[in-house]
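Notes to accompany the following structure.
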Amino acid sequence: MLIEMLSIVVKEGFSDQVVQRFTAEAAVEKAEGFVDLSVMVKQARKGEEEIIVMIRWENERLWKQWELSEPHLEGHRQERKHGKPDFVLSSKNDTYTVKAVKNPYPG
């Protein structure tokens, strides 16, 4: 399994706009290998808010397939066309390979 993590820091009061963007229906939900997407908002710090988006993929090959897909590339073209919103202070994107998972003990 591969996990893609996006961290987006926004001005205080704007996290809901980012949450709405990532929870709206999108092409990624139909992508082969897409497992799920979670959106988390860090407890507020004065002046800014951090949103973490975690997207789980079955494997790296299918994630790369999505990264090169026309719907994904078109989404990024649209973002570049409209520019980054002024309330976004910073963002970063990382990927992680899952090496172990622990589940609740059944007994």
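In this chain, numbering begins with 1 at the start of the sequence shown.
M1 and F34 sit in two unconnected hydrophobic clusters of ILVMFWY residues. Membership requires side-chain heavy atoms under 4.5 Å apart, directly or through other members. Hydrophobic clustering (side-chain heavy atoms under 4.5 Å, transitive across Ile, Leu, Val, Met, Phe, Trp, Tyr) groups F22 together with W66. I8 and V19 fall within a single hydrophobic cluster, where Ile, Leu, Val, Met, Phe, Trp and Tyr side chains are chained together by heavy-atom contacts under 4.5 Å. In the hydrophobic clustering of ILVMFWY residues, with side-chain heavy atoms under 4.5 Å counting as a link, I3 and L6 come out apart.
Contacts of E74 classified as side chain to side chain donor-acceptor pair (under 3.5 Å), with partners at least two apart in sequence or in another chain: R77, Q78.
Checked options L37, V39, L2; the residue passing with I55 is L37 (criterion: side-chain contact (heavy atoms from CB on, under 4.5 Å)).
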- Check against side-chain contact (heavy atoms from CB on, under 4.5 Å), V10 and I51: CA-CA 8 Å; V10 299; I51 303 96; 3.8 Å; yes

- Item | Trace of the side-chain contact (heavy atoms from CB on, under 4.5 Å) decision for M5 with V53 | CA-CA 6 Å; M5 300 287 287; V53 180; over 6 Å; no

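In this structure, the separation between CZ on F87 and CZ on F14 is 6.5 Å, given to the nearest 0.5 Å. Atom-to-atom distance recorded for S7:OG and M54:CE is 14.0 Å, nearest 0.5 angstrom. Interatomic distance, CD of E58 versus CZ of R56, reported as 10.5 Å (0.5 Å rounding). If you take CH2 on W57 and CD on E67, they are separated by 7.5 Å, rounding to the nearest 0.5 Å.
Nearest heavy-atom pair, N59 versus L62, reported as atom, atom and distance to 0.1 Å: OD1-N, 2.8 Å.
Applying the side chain to side chain donor-acceptor pair (under 3.5 Å) test to every pair with at least one member in residues 8-18, sequence neighbours left out, gives these pairs: S15-E49. Residues in residues 86-101 take part in these side chain to side chain donor-acceptor pair (under 3.5 Å) pairs, two or more places apart or across chains: E4-N93.
Residues K30 and E25 are paired through a salt bridge, judged by an N-O separation under 4.0 Å between the basic side chain and the carboxylate.
Within the 4.5 Å cutoff, the side chain of E50 has heavy atoms near those of the I52 side chain.
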